[in-house]
Undergrad: 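This structure is in structure tokens; I'll ask about it shortly.
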Amino acid sequence: MFRGFPIMPRWVLALVLALAAALAAQSVRLGHQVLQQLEGLSTAATDNMQWNLSQAEVEHLKLETAVLTAQRPDDLPKLRRQFDIYYSRIATFRESPLFEGLRRSPAGAALLQQMTGRLERMAAAVDSSDQSLIASLPDLAAELQQNSGDVRELALFGVVLQVADSKDKRLKLFSILARLGWVVLALVLALALATLLLGRLYRKGRQLAMDRSRAAARMEAMIASSLDAILVVGADGRIQAFNGAAETVFGYKSEEAIGQPMVNLIVPDHLQEAHKVGMQRFLQTGEARVAGKGRLQMEARRKSGELFPVELSVSVSQSGTDIVFVSFLRDISDRIAAEKQLRRARDEALAGEQAKQNLLTVMSHEMRTPLTGVLGAIELIENTGPTPEQRRYLQAMRVSGELLLHHVNDVLELSRLESGAASEKLRIFDLEELVGSLVESQQASAQGRGIDLSLHCSLNGKKIVAGRPRAVQQVLLNLIGNALKFTGEGAVSVDVMRLPDGKTVEFHVADTGQGIAPEDLERIFEDFIMLDASYGRGSEGTGLGLSITKRLVRAMGGTISCESELGEGSLFSISLPLPAAKAPPPRAEKDRPKQNGACRLLIAEDNDINRELLATMLRQEGHQVTAVPGGREAVQAAGEGVFDLILMDISMPQVDGIEALRRIRAQKLADGTDIVALTAHAAAEDHARILEAGFAEVLTKPANKAGLADVIARRAGGGGKALPRAESDIQQFFDALGQEKARVFLQAFCKEVKQLQEELGDCAALEEDHRKEAHRLAGSAAVLGLPDLRAAMLAIETANEDAEPPLAPFLQAWANAEAVLAPHLQP
């Protein structure tokens with residue numbers, strides 16, 4: 001980096017030079033004053049004054065002689081002439097600047113006034129007639145006699161004044177000369193200091209020149225050895241410098257490039273016009289869109305004509321009117337290729353992750369559907385009066401089935417949390433009631449194990465909070481369930497208290513179980529961890545409970561920790577932000593019928609089979625059901641009637657469920673009524689999108705009676721009546737609708753599937769209508785207990801755009817389904 005002149009010496013030099021100039025000006029002024037004083041003291045001026053004083057005395061004597069010698073009229077002209085001369089001499093004393101000092105002196109002024117008075121009297125006699133003048137001669141002689149003494153005294157007084165004035169002038173001259181000497185001395189010193197500073201600056205200048213020379217040499221070496229191409233381009237667009245890296249990057253020799261227009265050498269054809277316009281704009285207006293804007297990415301051209309990506313940085317250097325552009329270019333072909341590979345790897349990883357999520361989602365539903373059927377069948381067999389031995393077997397089957405269902409749900413919950421999907425929006429709820437109900441629901445399990453389960457709440461009167469109640473419930477249920485599971489005998493306590501900040505609530509779940517080793521305290525929150533030492537294999541599980549709990553706590557913005565000692569028990573502590581809130585106003589009753597928990601329900605479902613089955617199931621439970629085939633009809637029905645709950649399908653033709661919800665809310669048609677999504681979409685991101693649209697919650701198809709009863713009880717005030725579980729198979733379908741009606745719907749379903757099969761066989765690529773029809777038929781297949789056909793329909797719905805229809809699995813699944821449905825199609 002170039003060094004400039006030192007700041008301090010330049011400042012001092014400027015000050016010294018200014019001081020020298022001021023001293024020089026002062027010396028000139030003082031010299032001029034010295035000359036003036038010397039002129040005032042000159043001999044000619046002094047002699048002139050003395051001569052005038054002596055001449056006045058001489059003229060007085062001459063006039064006195066003329067007066068004394070005058071006898072006849074012929075002597076009078078000479079006397080008058082001599083009087084005029086003497087009068088002029090005295091007038092000179094009164095008027096001449098030479099005698100200013102005499103006139104300023106009081107004594108001199110009095111003496112001069114006295115002499116002037118005599119002259120005036122003598123002048124009156126001299127100016128009279130000759131006879132009068134001759135008669136006045138004795139008086140004139142007497143006046144002159146008296147005046148002679150004043151004349152001598154005036155001459156002596158003038159000499160004294162002259163001497164004093166000369167002395168003052170000499171003293172003043174001495175003072176001026178002394179000041180002039182000091183000024184000259186200071187001027188000499190200033191000039192000496194300026195000389196020293198100039199010498200120093202000269203040496204600095206030589207050093208600077210040498211430094212710049214060395215820096216220029218280093219800069220040339222750096223430019224020559226730089227890995228980046230460096231081009232210097234003039235305002236005319238021609239290349240002035242072209243380093244070695246530029247030769248390597250662009251393929252031109254330096255001799256070929258220097259002097260040539262840059263635009264013709266390295267700028268691609270499609271960018272040349274923009275480059276010329278930009279250069280012209282900058283030179284005319286100074287507006288820069290590339291220069292000085294940091295690193296930019298664009299294309300360049302090699303000598304071979306190959307286009308390649310470069311990273312470009314342009315700076316402008318201006319000296320006077322001379323402008324040059326310094327460009328740094330870097331070939332980033334390798335980086336771009338690496339970025340493409342990274343993006344491809346990322347996309348493949350994301351695709352794999354998405355495939356895993358899709359697999360988990362599909363498998364969950366494919367596993368839960370038969371599990372629901374198995375558990376329902378067990379419940380039905382238990383009601384047929386089995387023998388004690390058979391009841392034991394059924395109980396073992398029930399426990400195993402429920403445990404398997406629990407494991408499936410754990411894996412799905414973990415997958416959902418890893419995807420970052422928010423399962424629940426903030427709601428206002430009664431925390432004390434939620435925790436109390438939860439603990440009460442676990443009392444039977446605790447008592448069966450001989451465990452004392454207790455609850456202590458201290459919320460300082462602020463039990464209504466804003467948070468996610470389902471997540472809080474799941475977290476506490478996991479911790480209490482673990483505490484009961486791993487405590488043989490003893491006690492489990494749940495403590496809830498609000499911290500002084502008023503926003504945070506702490507939960508403590510303590511047990512007197514076997515405890516956890518210190519080295520395992522962090523591991524217990526990892527996925528699929530089972531601790532043999534304390535949480536032995538005597539307790540079944542996936543090892544996901546605490547992992548899910550930790551993720552749920554973090555999703556709510558809280559923290560979780562554990563303290564434990566082997567043989568003493570464990571203490572799990574949770575801190576959650578649950579600020580106090582005002583209880584919502586009581587919901588309007590709207591003349592709801594409450595007898596036996598019956599509710600007014602509106603169902604929007606485009607699938608005829610699903611709609612009819614769902615309506616029949618709910619009517620059998622005593623509810624008043626209005627079923628419509630689409631979103632437009634749902635909006636109309638919401639405006640014409642009053643409902644306690646609306647169940648809305650999402651994928652419907654023309655007006656889908658989300659749009660229907662928007663219209664209902666915009667027109668204020670069902671204020672205070674919850675709208676629950678009833679959909680076959682099971683992915684976490686789909687649920688998040690549906691909840692964000694404003695649905696109260698999402699119920700995934702196929703919906704069983706228990707799930708419907710739970711939603712109705714919570715959302716419509718239909719009481720807590722739990723409906724018995726039922727199998728989602730063809731027999732249930734016929735039992736719900738009746739033989740004749742179910743057969744009509746089943747025939748229509750088979751006809752629609754065959755029609756879709758024919759359309760897919762005749763088309764080269766999937767169309768949107770095919771996807772919608774496959775989605776609708778997938779719902780019917782799920783209700784009829786045809787999982788393979790449902791999976792084949794979903795594969796058609798979610799296939800890539802412009803892909804060939806996946807016909808092979810569809811045809812195989814449909815062949816199997818036809819064999820299952822054939823016996824039910826006959827009267």
Side-chain angles (χ1 to χ4, degrees), residues 1-4 208-343:
M1 182 177 178
F2 293 134
R3 294 181 298 173
L208 177 62
M210 295 174 63
D211 290 346
R212 286 183 173 175
S213 178
R214 287 193 293 267
R218 288 196 297 269
M219 184 61 68
E220 290 180 3
M222 290 171 59
I223 291 176
S225 61
S226 173
L227 298 178
D228 292 338
I230 301 177
L231 288 77
V232 179
V233 180
D236 58 356
R238 297 183 179 275
I239 298 175
Q240 298 180 1
F242 199 79
N243 74 335
E247 294 180 348
T248 303
V249 170
F250 294 104
Y252 293 99
K253 293 294 183 182
S254 177
E255 306 81 49
E256 296 179 85
I258 293 178
Q260 298 298 318
M262 184 187 73
V263 67
N264 295 338
L265 263 66
I266 68 171
V267 179
D269 295 340
H270 64 281
L271 296 178
Q272 290 185 359
E273 186 61 30
H275 172 78
K276 293 176 182 178
V277 171
M279 283 281 289
Q280 188 67 24
R281 180 179 59 251
F282 178 82
L283 295 175
Q284 292 179 353
T285 66
E287 179 186 355
R289 297 185 181 178
V290 175
K293 301 300 182 181
R295 292 183 293 181
L296 305 173
Q297 185 173 321
M298 56 182 60
E299 283 187 320
R301 183 177 62 190
R302 305 189 202 274
K303 183 178 181 179
S304 62
E306 175 193 356
L307 299 183
F308 65 102
V310 296
E311 192 173 65
L312 168 68
S313 174
V314 181
S315 60
V316 181
S317 176
Q318 184 169 0
S319 177
T321 58
D322 188 19
I323 298 178
V324 294
F325 301 89
V326 183
S327 303
F328 296 83
L329 298 98
R330 177 177 300 174
D331 185 350
I332 57 173
S333 302
D334 293 341
R335 191 178 80 188
I336 295 298
E339 289 176 354
K340 288 182 178 179
Q341 292 179 356
L342 286 174
R343 283 195 295 270

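No experiment lies behind these values; they were computed from the predicted model shown. Only heavy atoms go into these numbers, but all of them, side chains included; no hydrogens, no water, no symmetry mates.
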Undergrad: Taking salt bridge (charged side-chain N to carboxylate O under 4.0 Å, His left out) as the definition, give me every residue that meets it alongside E255, ordered by chain and number, with sequence neighbours left out.
TA: none

Undergrad: For the CG atom of L307 and the CE atom of M298, what is their distance to the nearest 0.5 Å?
TA: 13.5 Å

Undergrad: State, yes or no, whether a side-chain contact exists between V314 and V326 at a heavy-atom distance under 4.5 Å.
TA: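 They are not in contact (no side-chain heavy atoms under 4.5 Å apart), so the answer is no.
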
Undergrad: Might you point out which heavy atoms bring N243 and I230 nearest each other, and give the distance in Å?
TA: OD1-N, 2.9 Å

Undergrad: By salt bridge (charged side-chain N to carboxylate O under 4.0 Å, His left out), which residues pair with K303, not counting sequence neighbours?
TA: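 K303: salt bridge (charged side-chain N to carboxylate O under 4.0 Å, His left out) contacts with E256.
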
Undergrad: Between the side chain of Q272 and the main-chain N/O of V267, is any donor-acceptor distance below 3.5 Å?
TA: yes

Undergrad: Within the structure provided, determine whether R330 and L312 are in side-chain contact (heavy-atom separation under 4.5 Å).
TA: no

Undergrad: Output the distance between atom CZ (F325) and atom OG (S315), rounded to the nearest 0.5 Å.
TA: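 F325 CZ to S315 OG: 10.0 Å, rounded to 0.5 Å.
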
Undergrad: R302 versus D331: any side-chain heavy-atom pair under 4.5 Å?
TA: yes

Undergrad: Can you sort out the partners of R335 under salt bridge (charged side-chain N to carboxylate O under 4.0 Å, His left out), two or more places apart, ordered by chain and number?
TA: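 In terms of salt bridge (charged side-chain N to carboxylate O under 4.0 Å, His left out), with neighbours along the sequence ignored, R335 is linked to E311, E339.
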
Undergrad: For residues 245-254, run the donor-acceptor check on the side chains, cut-off 3.5 Å, and write out each pair with its distance to 0.1 Å, sequence neighbours left out.
TA:
residue : atom : partner : partner atom : Å
E247    : OE2  : S254    : N            : 2.8
T248    : OG1  : G244    : O            : 3.3
Y252    : OH   : L265    : O            : 3.3

Undergrad: Taking it one step at a time, do Q297 and V310 satisfy side-chain contact (heavy atoms from CB on, under 4.5 Å)?
TA: CA-CA 6 Å; Q297 185 173 321; V310 296; over 6 Å; no

Undergrad: For E299, give me all partners under side chain to side chain donor-acceptor pair (under 3.5 Å), at least two apart in sequence or on another chain.
TA: H270

Undergrad: At their closest point, which heavy atom of I239 faces which heavy atom of A241, and how far apart are they?
TA: CG2-O, 3.4 Å

Undergrad: Do R238 side-chain atoms and G259 backbone N/O form a donor-acceptor pair below 3.5 Å?
TA: yes

Undergrad: For D269, check salt bridge (charged side-chain N to carboxylate O under 4.0 Å, His left out) against everything at least two apart and list the hits.
TA: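 Partners of D269 by the salt bridge (charged side-chain N to carboxylate O under 4.0 Å, His left out) criterion, ordered by chain and then number, come out as R301.
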
